[in-house]
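Below is one structure, written out as structure tokens; the observations come after it.
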Amino acid sequence: AESDMYKVISANRLRRSWFREEKDIRLAILPFLTAESDLQQQHIKSTLTQKEAELMASVPGWEAGASVYHSRYMKPMEKIGVPQSQKSIFGATS
């Protein structure tokens, strides 16, 4: 019975070492994968901006790649009709 437990324990240790090695490899190549993904995203964004500039060339005042949202931040409205005792439940502070 002891030799069976020894085999199980040593197999678990070996399996854990494999998982640790795989994790170390993934952590080692992560910066390269991140850099590659960043380059791909930048290329896609620049391509889309060029296509947008071509499509919207006839629209006066259009800036390709600029945000279409021109608003300022507005605080959420106060909860109306909520009893004072329950305002903290609904996240309203007053």
Side-chain angles (χ1 to χ4, degrees):
E2 269 189 46
S3 64
D4 292 338
M5 275 312 284
Y6 174 76
K7 287 179 183 179
V8 169
I9 291 170
S10 60
N12 285 342
R13 284 182 181 156
L14 182 61
R15 198 160 26 99
R16 276 199 305 267
S17 72
W18 289 339
F19 282 127
R20 193 177 308 118
E21 183 181 3
E22 230 175 272
K23 192 176 178 183
D24 289 346
I25 291 170
R26 286 182 182 156
L27 284 173
I29 66 172
L30 188 64
F32 298 100
L33 295 177
T34 305
E36 185 180 19
S37 174
D38 291 347
L39 283 173
Q40 286 176 344
Q41 291 298 319
Q42 187 61 35
H43 175 71
I44 290 169
K45 186 177 178 184
S46 65
T47 304
L48 289 177
T49 305
Q50 287 175 352
K51 288 183 179 182
E52 181 185 355
E54 292 171 12
L55 278 173
M56 304 301 281
S58 61
V59 178
W62 185 269
E63 292 180 34
S67 176
V68 294
Y69 301 105
H70 302 290
S71 60
R72 57 185 170 77
Y73 173 76
M74 294 181 69
K75 194 173 117 179
M77 291 178 55
E78 289 291 324
K79 308 287 190 281
I80 300 172
V82 178
Q84 187 67 35
S85 61
Q86 294 183 352
K87 284 208 178 204
S88 63
I89 296 172
F90 291 97
T93 55
S94 59

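Partners of S58 under the side chain to side chain contact (heavy atoms under 4.5 Å, CB included) rule, at least two apart in sequence or in another chain, do not exist in this structure. With sequence neighbours excluded, the residues forming a side chain to side chain donor-acceptor pair (under 3.5 Å) with R26 are E22, listed by chain and number. N12 is linked by a side chain to side chain donor-acceptor pair (under 3.5 Å) to R15, counting only residues two or more places apart in sequence or in another chain. For D38, the side chain to side chain contact (heavy atoms under 4.5 Å, CB included) criterion is met by T34, not counting sequence neighbours.
Separating the CZ atom in R20 from the CZ atom in R13 is a distance of 11.0 Å, to the nearest 0.5 Å.
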Without placing hydrogens or testing angles, list every side-chain donor-acceptor pair under 3.5 Å for residues 45-53, not counting sequence neighbours.
unit_1: S46; atom_1: OG; unit_2: Q42; atom_2: O; d: 3.3
unit_1: S46; atom_1: OG; unit_2: H43; atom_2: O; d: 2.9
unit_1: T47; atom_1: OG1; unit_2: H43; atom_2: O; d: 2.8
unit_1: T49; atom_1: OG1; unit_2: K45; atom_2: O; d: 2.7
unit_1: E52; atom_1: OE1; unit_2: G65; atom_2: N; d: 3.2
unit_1: E52; atom_1: OE2; unit_2: W62; atom_2: NE1; d: 2.9

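Cluster partners of L33 are I29, counting Ile, Leu, Val, Met, Phe, Trp and Tyr whose side-chain heavy atoms approach within less than 4.5 Å, directly or via other members.
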